[in-house]
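FYI, side chains are in, hydrogens and waters are out, and symmetry mates aren't considered; it's all heavy atoms of this structure. None of the values given here were measured: they were computed from a predicted structure. By convention in this document, chain letters (A, B, ...) are assigned in the order of the sequence lines, proteins followed by strands, and residues within each chain are numbered from 1.
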Number of protein chains: 2
Amino acid sequence: MHDKLKEHIEKIVPLSDDEFAFICTHFTTKKFKKHQFLIQEGEAVKYSYFVVSGLLKLVHTDGTGKQHIVSFAMEDWWESDYYAYYTQTKATMSLECIEDTEVLCISFEDYKKLCDGLQKIERFFLEKSNFGFIGSQRRIISWLTSNAKDRYEQLLKQYPSLIQRVPKSLLAAYLGVSRETLSRLSP
Amino acid sequence: MHDKLKEHIEKIVPLSDDEFAFICTHFTTKKFKKHQFLIQEGEAVKYSYFVVSGLLKLVHTDGTGKQHIVSFAMEDWWESDYYAYYTQTKATMSLECIEDTEVLCISFEDYKKLCDGLQKIERFFLEKSNFGFIGSQRRIISWLTSNAKDRYEQLLKQYPSLIQRVPKSLLAAYLGVSRETLSRLSP
DNA sequence: ATTACAAAGTGAGCTATATCACACTAAGGA
DNA sequence: TCCTTAGTGTGATATAGCTCACTTTGTAAT
């Protein structure tokens with residue numbers, strides 16, 4: 001199970017066996033069933049999660065109770081309510097399983113210890129964060145420049161597997177469109 | 001001029017005089033007039049910029065020639081076309097002065113050398129990147145949950161100084177609303 | 001088989017926002 | 001001083017997308 005993590009990190013920084021063993025001591029393994037919550041709005045955010053298998057949705061619920069999908073997280077993705085995680089405050093988003101999911105968990109304490117203990121991993125996290133930021137910026141540009149149909153097509157092109165795995169109503173909640181409108185876009 | 005940078009970094013990591021001197025060797029100073037370009041779409045992105053004074057806009061131009069503001073950058077902000085910078089490819093956005101602006105410039109080469117030579121600064125960049133990511137995610141949530149008027153009010157609340165400094169047509173291009181619609185929202 | 005529920009499609013009417021056209025004001029340059 | 005231009009406001013009309021209500025389909029459980 002940790003093998004996936006090793007492979008994932010080594011795409012960015014090479015690791016000796018000792019280094020990887022050290023990294024592993026900071027993570028714990030958990031399994032969740034579809035519909036279970038890893039993070040609930042209003043509660044403390046203990047962990048950042050590395051998805052080994054399965055699929056998650058990061059959800060923000062607005063004043064009227066409507067759910068908006070801030071992000072999906074599939075295999076090899078890192079996910080959490082990062083504001084709450086880094087500042088150790090209460091979650092403003094929930095993280096919920098769309099499929100049965102296996103994750104590796106790292107607490108904020110362990111994250112800091114890990115960065116202090118192994119510079120390479122800090123480099124790794126920096127690179128992840130940089131490209132995470134770029135990804136979000138891309139999504140903003142997609143919003144600024146495109147209508148619902150084009151954004152839908154961009155999403156399908158970027159993550160073709162997603163449409164097999166999640167109902168369209170969730171894609172709509174990610175795209176910021178009503179499910180009815182999305183349903184009318186397809187042709 | 002570098003003092004601003006020192007103050008800025010020390011909000012996150014403390015620095016000895018030697019360390020700061022080392023950091024400074026990686027930056028160069030530049031001044032630009034209103035309307036000048038720091039980055040032009042289609043050209044190479046040499047630098048990441050730290051804004052000492054002034055105001056910039058990061059702009060993406062769509063297929064129809066319409067300009068969309070991906071981000072503003074004011075004092076103490078870092079800005080660049082980061083995808084092009086990190087991957088050393090051509091810019092897909094331009095960076096242009098809204099006011100006369102002084103910046104500190106760091107090339108990608110120097111950025112890497114600096115991170116290799118001083119672990120502290122890598123920690124600093126990691127923290128900046130993390131919160132940059134969180135900021136973008138916030139903007140996405142704002143899009144998903146709010147209409148034009150609410151997004152405008154959120155923007156004014158978050159950056160009250162902005163409305164004094166930039167024409168409303170630019171705020172509209174940032175919010176993803178037509179300037180006419182923005183003009184009708186105010187009361 | 002039968003029921004129950006989640007997902008998807010569709011029609012009708014409504015609303016927020018876009019677009020186009022024009023008018024007004026303020027500021028800077030000739 | 002006059003002229004030009006950037007910024008802003010506003011009316012009229014068009015449209016993308018929303019909402020509500022209903023139907024259809026697929027799928028899992030009894």
K.L.:
Atom CG of B:L182 to atom P of C:dT17: distance rounded to whole Å?
P.N.:
11 Å
K.L.:
What's the closest nucleotide to the side chain of B:A148 if the choices are C:dG9, D:dA16, C:dT17?
P.N.:
C:dT17
K.L.:
Quick one: sort the B:W78 and B:F125 rings into parallel, tilted or perpendicular, breaks at 30° and 60°.
P.N.:
perpendicular
K.L.:
For D:dT8 and B:S183 - does any side-chain N or O of the residue sit under 4.0 Å from the phosphate oxygens OP1/OP2?
P.N.:
no
K.L.:
Go through the steps for B:R138 and A:Y83 under the test side chain to side chain contact (heavy atoms under 4.5 Å, CB included), then give the verdict.
P.N.:
CA-CA 10 Å; B:R138 285 243 168 98; A:Y83 181 79; 3.6 Å; yes
K.L.:
Looking at B:S178, I'd like to know whether one of its side-chain N or O atoms comes within less than 4.0 Å of OP1 or OP2 on C:dT17.
P.N.:
no
K.L.:
Starting the side chain at C-beta, find the nucleotide from C:dA18, C:dA8, C:dG11 nearest to A:R184.
P.N.:
C:dG11
K.L.:
Using 0.5 Å steps for rounding, measure from the CG atom of A:L171 to the CG atom of A:L162.
P.N.:
5.5 Å
K.L.:
Out of C:dA8, D:dG7, D:dG9, which has the shortest distance to the side chain of B:P167?
P.N.:
D:dG7
K.L.:
Nearest-Å distance, NZ (A:K149) to P (D:dT15)?
P.N.:
17 Å
K.L.:
Expressed as a whole number of angstroms, how long is the span from B:H35:NE2 to D:dG7:C1'?
P.N.:
12 Å
K.L.:
To the nearest 0.5 angstrom, please state how far the CG atom of B:L56 sits from the CD atom of B:E79.
P.N.:
7.5 Å
K.L.:
To the nearest Å, give me how far apart CD (A:Q164) and P (C:dA8) are.
P.N.:
12 Å
K.L.:
In terms of relative ring orientation, are A:F131 and B:Y86 parallel, tilted or perpendicular, with 30° and 60° separating the classes?
P.N.:
tilted
K.L.:
Whole angstrom is fine here: how far is it from CD in B:Q67 over to P in D:dA6?
P.N.:
13 Å
K.L.:
By nearest atom, which of the nucleotides C:dT19, C:dG9, D:dC18 is closest to the A:R179 side chain?
P.N.:
C:dG9
K.L.:
Quickly work out the A:I98 CD1 to C:dA6 C1' distance and round it to whole Å.
P.N.:
15 Å
K.L.:
Measure from the side-chain heavy atoms of A:E180 and tell me the nearest of C:dC20, C:dA8, D:dA21.
P.N.:
D:dA21
K.L.:
By the 4.0 Å heavy-atom rule, please label B:S169 as base, sugar-phosphate, or nothing.
P.N.:
sugar-phosphate
K.L.:
Round to the nearest Å and state the distance from B:N147 atom CG to C:dA18 atom P.
P.N.:
11 Å
K.L.:
For the pair made of CG in B:L175 and P in C:dT17, what is the distance, rounded to whole Å?
P.N.:
11 Å
K.L.:
With a 4.0 Å cutoff (strictly under), does any side-chain N or O of B:K66 reach OP1 or OP2 of C:dT19?
P.N.:
yes
